[in-house]
Amino acid sequence: MQLADKYSPELIEQKWYDFWIENNLFHSEPDAREPYTIVIPPPNVTGMLHMGHMLNNTLQDVLVRRARMQGKNACWVPGTDHASIATEAKVVAKLKAEGIDKASLTREEFLKHAWEWKEKHGGIILQQLRKLGASCDWERTCFTMDEERSASVLKVFVDLYNKGRIYRGVRMVNWDPSAQTALSDEEVIYKESQGKLYYLRYMIEGSDKYIVVATTRPETILGDTALCVNPNDERYKDLPADARVIVPLVGRSIPVIRDEYVDLEFGTGALKVTPAHDVNDYMLGEKYGLEAIDIFNDNGTINDKVGMYVGVDRFECRKVIEGDLTAAGLMEKVEPYTNNVGYSERTGVAIEPKLSMQWFLSMEELAKPATAAVLEDVIKFVPTKYKNTYRHWMENIKDWCISRQLWWGHRIPAYYMPKGGYVVAETAEEALRLAQEKDASITMADLRQDEDVLDTWFSSWLWPISVFDGIRNPNNPEIEYYYPTNDLVTGPDIIFFWIARMIMAGYEWRNEKPFSNVYFTGIVRDKLGRKMSKQLGNSPDPLDLIAKYGADGMRIAMLMSASAGNDVMFDEALCEQGRNFCNKIWNAYRLVNMWEVDATIAQPEASKQAITWFDEVMLERIERINHLMAQYRISEAFTELYRLFWDDFSGWYLEMVKPAYQAPIDAKTLASTKHYFDQLLRLMHPFMPFVTEEIWQDLKPEGEVKSIVVAEQPKAEREANAAIIARFGLAQEVISAIRNIRKQKNIAQKEALALNYIADENYPAEFEAVIVKMGNIKEVATVVEKDPTAAAFIVKTTQYFVPMEGNIDKEAELKKLGDDLTYYEGFLSSVMKKLSNERFVSSAPEKVVANERAKQADAEAKIAALKAQIAALQ
RNA sequence: GGGAGCAUAGCUCAGCUGGUUCAGAGCAUCUGCCUUACAAGCAGAGGGUCAGGGGUUCGAAUCCCUUUGCUCCCACCA
């Protein structure tokens, strides 16, 4: 095959992806092999691929491809999430842009639009994943709102309801006035916000005195139903027990109550109580039987309950009321104030605490086995630091508000009967049957299904089970085979939303963990450490990067910087490095590929020696990579490969076996070289699938499988011989020293040099041919005398001389030797200090002491050699 | 307010149970090379008081305490 001198990913990536799909290499069916399963964290169905997905899916693909090559039955299940609130918001915005108000549509009409939107944009993200090379089993693609998954959700809801875990009630919930739905606690993000603290005067009834109350939300005075002070507060000691105050502007008379909840230190020690709009006030309201006056409409404007500021937005109202209070002389003062305000994760608007009727899931029982599983490492977290976070949340778990006042999602399967009461059932027919048990006269037309849908996470928490239909058919062969899954790769930001709940669901419906390991990725940031965001415009389009550097280049960029749990500082330069590495592999293959074999020539000694060494290197690195991968040190495992291929294989091995220009190569060396190349490609394939497949297809041995995707991963059959590697290291140092001499003396590589040495046990005679070839040495000889006219160097204890015919700078040589001598003398003295220390020798382990003694011997020999050279020069 | 984590070369990070010439890698920088696989390359070089302070130890980047700086998570103080 004739190869271009640059690797061009754009010419081959699509070809091989198509090839993999045509040959069905990513598809899995249960069989006798050990399964290896990953379920994808389903991205939002109408979302676009961003850098976070790149990182996450690259890592998953590495794990899956490696498992597949290790002979496991690898199954990576892809899919998308319906993302209830996010998708509904997008559809609402799209309709608005077309001049259609959601409120003007029926549920059915809206859902029609939503499904159209989903059909149009849905799955784009999965197409994008193919560009990355993701080896998902696309035949298994799931959607959280497809028929199977929807049925699973309803089944689970009914099951929990029947177990008494789901209840319905009026509670204070987080209300999103933009999406106009309740949210779970996890969907609220608290941020420090600059606000004001307003000091309002509440006139005491029947007096011209007043009590000053500090509040950040003066507009909520409309809903005030009490004023509260601490019973121990001296300032309010004289206030009669039945004192009442007048709500400013509103004129309503409210009682003054006393409760130790009120902080004496804050503000004036007086608290206005608005039970409908503050969680704490709500609890006070419950305790003292106060009325809760809800003053807001669902969209955050003031309603007509009080008859003031009707229809005005809550923030606008705050401004207006500030003016009105000031005008009325009821504003004591206003101070700047920083406080924590909750914002909706999805729509970004400030959350309004609101009393409303919602569905809740009681979590306490669910949490128990799930907490234990992680604490006892039945499920391992990588890195482990997230165990703490998890434990804390699980041990303080609160009930989950699962209802959302949206249309896009799984509609709650509760059916209300005309005379009150409701039934919960998976189907309308079943609901009717249940209803008729209570009242035989009820017909289908009488039943009214709950309008709300379920929280998105109420479907995704079933994901590892539901993708194998394990909710509806708990004994089906697929779930039995693939579950529990092996690894979950995701971000720590969804540890509560998703991971914790999947674990709970796993134990609830399978009585088994959903996965064995959770690998937490970091957040992808730009090189300045900023989060990538649309607003900053610092988020590159991953597809552009793939087009520019190739999918492999992109994957390498992600791998280079991604140690588990650490944020990724993304820099486009890393993509370039990735691309360069692909090119390196490509060119190495070009070299090997152009060699002509001549079966008649004998194997050169240097090649034999190179092979002796490289056999051990391969063994050592495979072992190391296996070890790193077992610890999920994926980035480091890749670095090992990078250096193995670039430095050891290309930089050393290929150079050692490379025949002279246009000279043929012997058959043995070529066979070994191709074997190494084959092994290296297999090792690298999980990390960089495209370039490895392209080359492997050309290189692969006769009778091999049709794709590297299913080729066997190399194994380390025995332990590497460390002594060989160490001895070769001496030869490398000799070569390096010769190169240095050439550089210093400005001697071209083409010019052959002579090399003399004083023989001792540290001379790597078994790699002499390599030294000769790599150093371009015309002859090697042992000498007994030092040669003052030669450029000299020492490796370990062996003295070497490159004759220079007097062309040496004596002063410079002496200085260099002197510097070395100083260093080694210092080194020796520090070693001696240790060895002469009685306590060191007696308390340090034997191995360490032996090591120090070896250091001593080496240093002494080295010093002797240096001194000899210095003497010879002088 | 509570908790967790981080701080090592200009940048991004390794450094595992305290002990190997332990102070490392990649990138960047500098020097020399368009050497017939690769300039997307090759051969070299410089660069760190391991955040500051204290302690434990024969021995500390590593363990403990403390100060400073940063990050994240949790929490209803109006």
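Lettering of chains follows the sequences in order, A, B, ..., and the numbering in each one begins at 1. Treat the numbers as computed from the prediction; the structure is a model and nothing was measured.
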_Could you check whether K191(A) makes a cation-pi contact with Y343(A), meaning its NZ or CZ is under 6.0 Å from the centre of the six-membered ring and within 45° of the ring axis?_
yes

Subject >> Salt bridge flag under 4.0 Å for residues E576(A) and K548(A) >> reply: no

Dot-bracket for RNA chain B, 5' to 3', Watson-Crick and G-U pairs with both distances under 3.5 Å, [ ] for crossing pairs, | for partner on another strand, reads (((((((..((((.....[....)))).(((((.......))))).....(((((..]....))))))))))))....

Compute both the distance and the angle, then confirm whether R621(A) meets the cation-pi test with W646(A): under 6.0 Å from the six-membered ring centre, within 45 degrees of the axis. no

Flag the pair E219(A) and R318(A) as a salt bridge only when some basic side-chain nitrogen lies within less than 4.0 angstrom of an acidic carboxylate oxygen. yes

When rounded to the nearest Å, what value does the distance between C1' atoms of G10(B) and C30(B) take? 13 Å

**Q.** Aromatic centroids of Y386(A) and F381(A) separated by under 6.0 Å
**A.** no

Practice problem: Check whether the side chain of N837(A) and the base of C58(B) form a donor-acceptor pair under 3.5 Å. | Solution: no

**Request:** Assess whether one donor atom and one acceptor atom, taken from the side chain of Q577(A) and the base of A28(B), lie less than 3.5 Å apart.
**Result:** no

inquiry  = Any donor-acceptor pair under 3.5 Å linking the side-chain atoms of Y589(A) with those of E694(A)?
reply    = no

(Q) Does F581(A) reach a base, just sugar-phosphate, or nothing at all? Heavy atoms under 4.0 Å. (A) nothing

Rounded to whole Å, the CD-C1' distance (Q744(A) to G46(B)) equals 15 Å

